[in-house]
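Read the structure below first, then the notes.
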Amino acid sequence: MGTASPGIRDLVVALFDGDEVDGAVVQRIRVGDIGPWAEAVDRSGLFGREVAAQLRQQWTEEPRALLDVLLGTAGDLTRRRWFGEWETRSVSERLIS
């Protein structure tokens, strides 16, 4: 997470630890639907408005950073699977357009 300190990243990873990642989640994030996760950060009470706004802005500009957070405690194989899915969808989108 480029704009957030490592401590903040660790808190966000902990907040979403246990959230399931599947193809639908990857697609939602790819199209910029970060709302549920941004709202969870807001509701958690762990972050001030400025930090929450920074996270929202980063995830809007770089949605892959949100996927990285959601996979924060996942094993290497799981991370490869979902980042591979992300890249496959990128290639497919370029071929279609």
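Side chains are part of it too, since the values below use all heavy atoms of this structure and drop only hydrogens, waters and symmetry mates.
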Rounded to the nearest 0.5 angstrom, the CD-CG distance for Gln58 and Leu66 is 9.5 Å
As a test of understanding, state which of Ile29, Leu67, Val41 forms a side chain to side chain contact (heavy atoms under 4.5 Å, CB included) with Trp59. Val41
Shortest non-hydrogen contact from Gly72 to Arg9? CA-NH2, 4.3 Å
Would Val69 and Trp37 count as a side-chain contact (heavy atoms from CB on, under 4.5 Å) if you check the C-alpha gap in whole Å, the side-chain angles of each, and the deciding distance to 0.1 Å? CA-CA 10 Å; Val69 166; Trp37 296 279; over 6 Å; no
Nearest-0.5 Å distance that lies between atom CD in Glu62 and atom CD1 in Ile34: 12.0 Å
Check this for me, if you would: do Asp68 and Arg64 make a salt bridge, where the nitrogen-to-carboxylate-oxygen distance has to be below 4.0 angstrom? no
Nearest 0.5 Å, please: how far is OG1 in Thr73 from CG in Asp17? 3.5 Å
Starting at CZ of Arg81, measure out to CH2 of Trp86 and round the result to the nearest 0.5 Å. 15.5 Å
Are Phe47 and Val12 packed together at the side-chain level, in the sense that at least one heavy-atom pair is separated by less than 4.5 angstrom? yes
Would you indicate whether the side-chain heavy atoms of Phe83 and Leu71 approach each other to under 4.5 Å? yes
To the nearest 0.5 Å, what is the distance between CG (Asp22) and CZ (Arg28)? 10.0 Å
Considering only heavy atoms from C-beta outward, does the side chain of Trp82 approach that of Val25 to under 4.5 Å? no
If I take atom CG from residue Leu15 and atom CG from residue Asp10, how far apart are they, to the nearest 0.5 angstrom? 12.5 Å
